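Keep in mind that the numbers below use all heavy atoms, side chains included, and drop hydrogens, waters and symmetry copies. Computed from a prediction, not measured in an experiment: that's the story for all the values here.
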Amino acid sequence: MTTHSNARPTLGWIVDVQRDFMTPPDEGGRLYVRHLDDPSDVGAARIVPALARTVAWLHEHMNAVVYTGDWHADDDREIDREAPDFRNTYPAHCMGAGSDPDERPGAELIDAVAPRGPVFVIDREASDDVADRAARHAVAGGTVMIRKREFSVFDGQARTDRFLERLGRELGTAPELVVCGVATDVCVRYAVEGFLDRGHAVTVVRDAVWGLGLESDEALFAAWTSRGARIASLAELNTASPAPASKP
């Protein structure tokens with residue numbers, strides 16, 4: 001079972017807080033995260049204030065901060081413009097690598113959680129050298145953005161494992177990951193379970209995630225807790241928090 005220790009370095013991990021996911025359809029979001037079978041669900045816009053507080057806290061307290069984001073092209077396997085099943089395929093969204101420039105703004109992060117300072121991007125076709133340099137940038141106090149072509153940050157970005165391994169060497173040991181973002185039951189799930197599969201310590205900020213209703217938060221949280229993850233509110237993390245992480 002994964003264990004947690006305040007002596008362990010920490011890594012903030014912010015999943016897919018992009019315009020197409022976080023913005024209601026009437027404001028331009030192309031795949032707004034809300035319960036797929038409950039049209040009354042307010043959706044991910046509800047957690048924007050909590051996300052903003054969480055992201056600010058991560059920047060203050062973590063040794064490094066990483067954002068991930070879908071960065072799709074038209075031929076990515078989860079993109080289906082004609083008949084998406086909303087399980088394995090979805091309508092066009094976050095088309096940062098797509099052919100239509102008018103679609104690209106949906107792949108950008110929402111303003112409320114915009115990164116601070118220079119951002120080092122691990123793009124879809126990044127090399128091992130790029131992953132290594134991104135790890136050094138993160139440990140030096142910079143923000144990293146990992147672009148992925150599918151749900152899983154591990155399957156959808158070939159350099160994620162390399163980045164995490166190099167980051168652990170730079171920090172002296174593998175960090176504990178503190179995770180927030182969307183969607184709880186898709187990309188957050190793939191990230192959390194991927195971390196757990198690799199033996200990482202993981203904390204999920206429960207008031208800074210939102211899902212599609214594919215599986216309840218309670219069921220996911222219970223499954224993750226059974227594998228050693230910690231589920232905590234930002235208030236609980238703040239109460240138990242060590243002093244802010246030192247930055248070079």
Side-chain angles (χ1 to χ4, degrees), residues 9-22 51 55 58-59 62-79 93-98 103-110 113-183 186-200 202 245 247-248:
T10 50
L11 175 61
W13 196 272
I14 304 160
V15 180
D16 295 16
V17 284
Q18 296 161 277
R19 293 176 184 173
D20 275 344
F21 294 139
M22 299 299 302
L51 267 171
V55 169
L58 294 175
H59 279 287
M62 302 291 100
N63 294 99
V65 175
V66 171
Y67 292 77
T68 70
D70 279 3
W71 201 258
H72 286 305
D74 297 84
D75 59 353
D76 287 350
R77 63 182 180 179
E78 76 174 65
I79 300 298
H93 61 278
C94 300
M95 302 298 291
E103 293 184 326
R104 293 174 191 163
E108 300 299 331
L109 302 174
I110 58 171
V113 298
R116 303 176 181 180
V119 178
F120 194 109
V121 175
I122 303 178
D123 219 334
R124 287 165 50 111
E125 306 298 339
S127 65
D128 283 347
D129 178 66
V130 168
D132 292 346
R133 288 190 285 122
R136 293 194 294 270
H137 177 83
V139 172
T143 300
V144 170
M145 176 70 184
I146 299 178
R147 293 174 175 171
K148 56 191 176 73
R149 64 183 73 224
E150 56 186 78
F151 309 123
S152 168
V153 73
F154 297 99
D155 296 336
Q157 170 51 258
R159 304 295 172 240
T160 299
D161 280 312
R162 173 79 177 214
F163 168 76
L164 287 169
E165 290 165 6
R166 183 54 184 259
L167 189 70
R169 292 202 299 271
E170 295 285 339
L171 291 170
T173 188
E176 176 175 356
L177 293 112
V178 181
V179 180
C180 62
V182 295
V186 187
C187 294
V188 171
R189 179 178 190 170
Y190 277 100
V192 169
E193 294 178 1
F195 295 139
L196 293 171
D197 289 343
R198 289 158 174 80
H200 290 285
V202 183
K247 307 286 185 180

Item to complete: Mind checking ring pair (Phe, Tyr, Trp, His ring centres under 6.0 Å) for Phe151 and listing every partner two or more places apart, or none if nothing turns up?
Response: Tyr90, Tyr190

Worksheet item: Can you find a side-chain donor-acceptor pair between His93 and Glu78 that sits under 3.5 Å?
Response: yes

Worksheet entry | Distance in Å, Asp70 CG paired with Ile79 CD1, rounded so as to fall on 0.5 Å steps | 7.5 Å

Discussion item. Looking at Lys148 and Asp16, is there a salt bridge between them, counting it only when a charged N and a carboxylate O are closer than 4.0 Å?
Written reply: yes

Worksheet item: Any salt bridge between Glu165 and Arg169, counting N to O under 4.0 Å?
Response: no

Worksheet item: Can you say whether the rings of Phe195 and His200 are parallel (under 30°), tilted (30 to 60°) or perpendicular (over 60°)?
Response: perpendicular

Worksheet entry | Salt-bridge criterion met for Arg77 and Asp155 (N-O under 4.0 Å) | no

Fill in: Working for salt bridge (Lys or Arg N to Asp or Glu O under 4.0 Å), residues Asp132 and Arg136
CA-CA 7 Å; Asp132 292 346; Arg136 293 194 294 270; 5.3 Å; no

Response to the item:
Note: Ala97 and Ala73 closest approach over all heavy atoms is O-CB, 3.7 Å

Discussion item. Run the side-chain contact (heavy atoms from CB on, under 4.5 Å) test against Asp197 and tell me which residues pass, sequence neighbours left out.
Written reply: Arg227

Worksheet item: Do Asp76 and Arg124 come close enough that some side-chain heavy atom pair is under 4.5 Å?
Response: yes

Item to complete: In sequence, state the C-alpha distance, the side-chain angles, and the governing distance for Phe163 and Gln157, and then conclude on side chain to side chain contact (heavy atoms under 4.5 Å, CB included).
Response: CA-CA 10 Å; Phe163 168 76; Gln157 170 51 258; over 6 Å; no

Discussion item. What I'd like to find out is whether the side chain of Leu11 reaches to under 4.5 Å of the side chain of Met62, using heavy atoms alone.
Written reply: no

Worksheet item: Looking at side-chain heavy atoms only, is the closest gap between Val139 and Pro9 below 4.5 Å?
Response: no

